[in-house]
Amino acid sequence: MPELPEVETIACSLRNPVALPFKELGALNERPGIVGRTIASAMVLWERSIAQPVPADFCRDIIHQEITQVLRRGKYLVLRLTHDWLFIHLRMSGDIRVEPLASENQVHDRVILGFADGTRLVFNDPRKFGRLWLVKDPLDVWCTLGPEPFDEELTAECFYGMLQRRSRSIKPLLLDQSFIAGLGNIYTDEALFLAGIHPLRKSNTLGPGQAAGLLSAIRQVLREGIMRNGASIDWVYRGGDFQNYFNVYQRTGSQCPRCGGLIERSVVGQRGTHYCPVCQPLDPVN
DNA sequence: CATCAACCCTGAGAGC
DNA sequence: TGCTCTCAGGGTTGAT
C-alpha cells in the first residue's frame with residue numbers, strides 16, 4: 001500500500017530520467033518520464049475512480065494539457081498540467097503504468113490517459129479505493145494536509161509543540177494526514193519501534209527528547225524506504241524491497257531485533273499494529 | 001476534540 | 001479440489 005516512500009518512488013520514475021536520484025533503477029526503467037507529454041485522450045473505465053469533476057468533464061478538460069511537472073505531497077502523486085492540477089491518490093492498491101498507446105488493457109485498469117507521442121499512462125487499481133482529482137487550485141486538495149515530514153521548518157521543537165497540543169494515542173495521530181502527511185501503517189509502526197514508543201502512548205505525555213527522537217525515527221524509516229524504492233508488501237506494488245528490512249511490521253511472533261523478545265500484534269485505531277512490548281513500554285520506568 | 005464504527009473493494013489465506 | 005468465510009488497508013463520514 002503506497003505510503004510516502006512508494007509514492008515518491010513512483011513520482012521519481014515519472015519525472016524525466018535526469019531527476020532520478022538513485023543509480024539502481026531496476027523496474028523504474030519501465031516507467032519513463034512523462035514530463036513534457038501532452039494528453040490527447042482520456043478514458044474512464046471505472047467512474048468512481050474520478051473524484052472530481054464528473055468523469056465526462058474530467059475527460060473533456062484534461063485533453064490537450066501538457067504535463068509540466070511531477071510532484072508528491074503526502075501520499076498524493078501530483079501532476080502539474082498546463083492549466084490544471086491532476087492529483088492521484090493510490091490508496092491501497094493503486095499503481096501507475098506508462099506504456100505504448102496500443103498496449104492491451106489489463107484487468108483492473110481504471111483510467112487511461114493517452115499521450116500525443118504514442119504512449120499512455122494507466123491508472124490500475126484492483127480494490128477501487130484510489131481516486132483522481134482534476135482541479136484548478138492545488139490548495140483544494142492539499143490544504144487539509146499536515147506538514148511534510150522532511151520539511152525543514154518542521155523542527156524538533158515544532159514537532160514537540162504539535163504533540164503537546166493533542167491528547168491522542170500516538171499511532172492514530174501519526175496516521176492522521178492532517179497532523180503529518182505521508183505516514184501509513186507500515187512506516188508508523190516502524191518509526192514507533194525505532195523511537196521506542198508504545199503505539200497507545202498519549203501524544204502530550206511525550207517529552208521534548210522523545211519528540212525529537214520520534215521525528216528523527218520517522219525521517220529515518222522514510223529515508224530508508226525511499227532508498228529501497230519502497231516496500232512491496234501488497235501483491236500490487238512492485239519494485240521496492242523495503243519489506244525485507246522491517247523490524248516489526250507483519251513480524252508478529254518473530255524476535256525483536258533489539259531485545260530478542262517477541263513482536264506482538266494488536267489493533268489500535270482500527271489498524272493492525274506491530275510492536276515490541278519490551279522496547280516500547282507504555283509506562284516507561286525511568 | 002477524541003474515539004469508534006461503517007463504508008468502499010478485492011483477493012489472499014484459512015477452514016471445511 | 002473447490003467452496004465459503006474472514007480480513008487487511010487509507011481515508012471519509014457520521015455518531016457518540
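Proteins come first, then strands; the chains are lettered A, B, ... in the order of their sequence lines, and each starts at number 1.
Side chains of A:K171 and A:T273: a donor on one and an acceptor on the other come within 3.5 Å. A donor-acceptor contact under 3.5 angstrom links the side chains of A:E6 and A:Y187, judged on distance only. In the model, A:N204 has no side-chain atom that pairs as donor or acceptor with a side-chain atom of A:S167 under 3.5 Å. Side-chain atoms of A:Q106 and A:N124 include no donor-acceptor pair closer than 3.5 Å.
The cationic group of A:R48 does not satisfy the cation-pi geometry with A:F129, failing either the under 6.0 Å distance to the six-membered ring centre or the 45° limit from the ring axis. A:W85 does not carry A:K136 over the face of its six-membered ring by the limits of under 6.0 Å from the centre and within 45° of the normal. In this structure, A:R166 forms no cation-pi arrangement with A:F179, as its terminal cationic atom is not both closer than 6.0 Å to the ring centre and no more than 45° off the ring axis.
The nearest whole Å value for the distance from the CG atom in A:D189 to the P atom in C:dG9 is 9 Å. For the pair A:L90 CG and B:dT10 C1', the interatomic distance rounds to 16 Å; values are reported in whole Å. At whole-Å resolution of the value, CZ in A:F123 and P in B:dC9 are 13 Å apart. A:M92 places its CE atom 14 Å from the P atom of B:dA12, with the value rounded to the nearest Å. Rounded to an integer number of Å, the gap from A:H274 NE2 to C:dG9 P is 6 Å. Remark: P of B:dA2 and CG of A:L163 are 12 Å apart, rounded to the nearest angstrom. At whole-Å resolution of the value, CD in A:Q250 and C1' in C:dC7 are 12 Å apart. Distance A:F87 CZ to C:dG10 C1': 18 Å, rounded to the nearest Å.
In this structure, A:H108 reaches the B:dG11 phosphate: one of its side-chain N or O atoms is under 4.0 Å from OP1 or OP2. OP1 or OP2 of B:dT3 lies within a sub-4.0 Å distance of a side-chain N or O belonging to A:K202. Residue A:Y249 has a polar side-chain atom (N or O) positioned under 4.0 Å from OP1 or OP2 of C:dG9. Look at A:R127 and you won't find any side-chain N or O under 4.0 angstrom from OP1 or OP2 of B:dC8.
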### Summary
Reading nucleotides 11-16 of chain C from 5' to 3' and marking B where a protein heavy atom lies under 4.0 Å of the base, S where only the sugar-phosphate is that close, and - otherwise, the string is B-----
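The side chain of A:R48 lies closest to B:dC8, out of B:dA2, B:dG11, B:dC8. Side-chain proximity of A:R265 to the nucleotides B:dT3, C:dG9, B:dA2 is greatest for C:dG9.
Salt-bridge annotation for A:D176 and A:R168: present, with a side-chain N of the basic residue lying under 4.0 Å from a carboxylate O of the acidic one.
The 12-atom threshold is not exceeded at CD of A:E47, counting heavy atoms of other residues, nucleotides or ligands nearer than 6.0 Å.
One end of the helix from B:dA2-C:dT16 to B:dC16-C:dG2 points its axis 50° away from the other end's axis, with each axis taken from 5 pairs and the angle rounded to 10°.
Across all strands shown, A:R165 has no heavy atoms under 4.0 Å from either base or sugar-phosphate atoms.
Of the inter-residue distances, the one linking A:L121 atom CG with A:L101 atom CG reads 12.0 Å to the nearest 0.5 angstrom.
In this structure, the aromatic ring of A:F129 is not positioned over the six-membered ring of the base of C:dG9 within 5.5 Å between centres and 30° between planes.
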